[in-house]
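Everything numeric here is computed off the predicted structure, so don't read it as measured data.
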Amino acid sequence: APPLLRVDLFGGMSVRLGDEPVTDRLRRHRKAKTLLAVLVLRRGGELPLDRLAEALWPGSDARTARKNLTSTWSRLSRALAVDGSCPYLSRDDFGCRLDARLVDSDVARFEALCRRLLFGRAQLDGWEDLYSQVSGPYAEDLLPCEHDSALVDALRLRYRTELSDALVAASERLAEAGEVRGALWFAREALRRDRSREDAYVALMRAQVAAGQRAAALETYFSCRAYLAEELGIDPSPGIVELYRGIIEEEVDV
């Protein structure tokens, strides 16, 4: 059996055949790197050749784009060759794909992490380990330096949104379970990644109130209001305003 093709895409591309690094083989061929990334993100699904050529060479006529794809495919096949052939890539006259059985990627692990944060047990057992993954291997975006492909850009945004959704959900469940420290950490991480998410501000405010940090919760509200007004030109929603007023009323009662 050929060695496992290991491709990591978060924070930058890393490619190995088994334990042998082969990233340098692709360093001078940016389109080959993009092609490999798109195939990995497809998770073994077939991509139509015409669609792929158009995505990688937008603005080129169909014949030129298809010719470029053929050339780039050959470069990628040579870079991933084992004993003179490439067992990982397959194509015909209409489509191409990666053999998912021979590929290991951090994309699959990322999706599993998001599912666990979203749908795991109510107490999120082992949340410290989950947080270390979020702030470690997945601290940066998918292929942060790749901006030549609209397809990669769209997937980067999708994964960023999915992780923010998962972080907010994890914070809320941890707060409900009394794991205040974890609720604070996950909410802060969600805001670090996307300051435009009002639900992340809400999650952080609730965690801060649960931790007895009412002054900090008020500061979080003011930060949210300022960001929404200055960057998006909108007002806070009634929900977060009601949460803010509840904190104020509690302060007065105290």
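Summarising the geometry, atom SG belonging to Cys114 is positioned 6.0 Å from atom CD belonging to Glu162; distances are rounded to the nearest 0.5 Å. Arg75 CZ to Lys33 NZ: the interatomic distance, rounded to the nearest 0.5 Å, is 14.0 Å. Remark: Leu98 CG to Arg42 CZ distance equals 12.0 Å, nearest 0.5 Å. The distance from the CG atom of Leu151 to the OG1 atom of Thr34 is 10.0 Å, given to the nearest 0.5 Å. A distance of 11.0 Å separates CD in Glu249 from OH in Tyr244, rounded to the nearest 0.5 Å. Put simply, CG on Leu41 and CG on Leu47 are 10.0 Å apart, with the number rounded to the nearest 0.5 Å.
Applying the 6.0 Å contact sphere to CZ of Arg245 captures no more than 12 heavy atoms from other residues, nucleotides or ligands. No more than 12 heavy-atom neighbours from other residues, nucleotides or ligands sit within 6.0 angstrom of CD on Glu54. Asp19 CG: 12 or fewer foreign heavy atoms inside a 6.0 Å radius.
Leu56 is not listed as a side-chain neighbour of Thr72, based on a closest heavy-atom distance of 4.5 Å or more. Residues Leu143 and Leu155 are not in side-chain contact: their nearest non-hydrogen atoms beyond the backbone lie 4.5 Å or more apart. Residues Gln213 and Leu204 are not in side-chain contact: their nearest non-hydrogen atoms beyond the backbone lie 4.5 Å or more apart. Put simply, the side chain of Leu36 does not reach to within 4.5 Å of the side chain of His29, judged on heavy atoms. Here the side chains of Glu146 and Arg30 are in contact, with some heavy-atom distance below 4.5 Å. Two residues are said to be in side-chain contact when any heavy atoms from C-beta on lie closer than 4.5 Å; Leu5 and Val15 meet this criterion. In this structure, Trp127 and Arg173 have side chains that are not in contact, with every pair of non-hydrogen atoms separated by 4.5 Å or more. Using a 4.5 Å cut-off on side-chain heavy atoms (C-beta onward), Val209 and Arg206 make no contact.
Under the ring-ring contact (aromatic ring centres under 6.0 Å, His included) criterion, Tyr201 pairs with no residue, sequence neighbours left out. Judged as a salt bridge (Lys or Arg N to Asp or Glu O under 4.0 Å), and not counting sequence neighbours, Arg115 has no contacts.
For the residue pair Gln208 and Ala217, the shortest heavy atom distance occurs at OE1-CA, 3.0 Å. Of all heavy-atom pairs spanning Cys96 and Arg91, the tightest one is CB-CB, 3.6 Å.
Cluster annotation: Leu157 is not connected to Val38 through the hydrophobic network of ILVMFWY side chains, with a link wherever side-chain heavy atoms come within less than 4.5 Å. Hydrophobic clustering, with ILVMFWY side chains joined whenever heavy atoms are under 4.5 angstrom apart, groups Leu76 together with Leu52. Residues Leu4 and Leu17 do not share a hydrophobic cluster, defined by chaining ILVMFWY side chains whose heavy atoms lie under 4.5 Å apart. Follow the hydrophobic side-chain contacts under 4.5 Å out from Val168 and you never reach Tyr131; the two are in separate clusters.
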Just list the side-chain donor-acceptor pairs under 3.5 Å for residues 182-193, sequence neighbours left out, or say none.
unit_1, atom_1, unit_2, atom_2, d
Glu189, OE1, Arg192, NE, 3.3
Glu189, OE2, Arg192, NE, 3.2
Glu189, OE2, Arg192, NH2, 2.8
Glu189, OE2, Arg193, NE, 2.9
Glu189, OE2, Arg193, NH2, 3.2
Arg192, NH2, Ala139, O, 3.2
Arg193, NH1, Tyr138, O, 3.2
Arg193, NH2, Val134, O, 2.8
Arg193, NH2, Tyr138, O, 2.4

Return all side-chain donor-acceptor pairs below 3.5 angstrom for residues 221-241, not counting sequence neighbours, or 'none' if the list is empty.
unit_1, atom_1, unit_2, atom_2, d
Ser223, OG, Glu219, O, 3.0
Ser237, OG, Glu198, OE1, 2.4

Please list every donor-acceptor pair under 3.5 Å in which a side-chain atom of residues 58-65 meets a protein atom from a residue at least two apart or in another chain.
unit_1, atom_1, unit_2, atom_2, d
Asp61, OD1, Arg63, N, 3.2
Asp61, OD1, Thr64, N, 2.9
Asp61, OD1, Thr64, OG1, 3.1
Asp61, OD2, Thr64, OG1, 2.8

Determine all donor-acceptor pairs shorter than 3.5 Å in which one atom belongs to a side chain in residues 101-110; sequence neighbours excluded.
unit_1, atom_1, unit_2, atom_2, d
Arg101, NE, Asp99, OD1, 3.0
Arg101, NH2, Asp99, OD2, 2.8
Asp104, OD1, Arg109, NH1, 3.3
Asp104, OD2, Arg109, NH1, 2.9
Ser105, OG, Val7, O, 3.1
Ser105, OG, Val107, N, 3.0
Asp106, OD1, Leu9, N, 2.9
Asp106, OD2, Leu9, N, 3.0
Asp106, OD2, Phe10, N, 3.1
Arg109, NH2, Asp8, OD1, 3.1

Notebook entry, point to check: Yes or no on side chain to side chain contact (heavy atoms under 4.5 Å, CB included) for Glu128 and Glu179, after CA distance, side-chain angles and deciding distance?
Noted result: CA-CA 11 Å; Glu128 295 94 338; Glu179 291 281 1; 5.8 Å; no

Next item on the list: Please step through salt bridge (charged side-chain N to carboxylate O under 4.0 Å, His left out) for the pair Glu111 and Arg158, ending with a clear verdict.
Entry: CA-CA 11 Å; Glu111 293 177 348; Arg158 191 193 90 184; 3.7 Å; yes

Checklist line | Step-by-step side chain to side chain contact (heavy atoms under 4.5 Å, CB included) determination, Asp92 to Glu46 | finding: CA-CA 10 Å; Asp92 54 28; Glu46 189 174 56; 4.0 Å; yes

Checklist line | Full working for side chain to side chain contact (heavy atoms under 4.5 Å, CB included) between Asp93 and Leu49 | finding: CA-CA 8 Å; Asp93 291 337; Leu49 293 179; 5.8 Å; no

Next item on the list: Show the numbers, then the answer: is there a side chain to side chain contact (heavy atoms under 4.5 Å, CB included) between Glu20 and Val82?
Entry: CA-CA 12 Å; Glu20 178 189 0; Val82 177; over 6 Å; no

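Formation of a donor-acceptor pair under 3.5 Å by the Ser171 side chain with backbone atoms of Leu167 is not found in this model. The main-chain N or O of Ala79 is found under 3.5 Å from a side-chain atom of Arg25 such that the two form a donor-acceptor pair. Of the possible donor and acceptor atoms, one in the side chain of Ser74 sits under 3.5 Å from a partner among the backbone N and O of Thr70. In this structure a side-chain-to-backbone donor-acceptor pair under 3.5 Å is missing from Arg97 to Gly45.
In summary, Asp194 and Arg160 do not engage in a salt bridge, as defined by a charged side-chain N under 4.0 Å from a carboxylate O.
A cation-pi arrangement, defined by a distance under 6.0 Å to the six-membered ring centre and an angle within 45 degrees of its axis, is present between Lys31 and Trp57.
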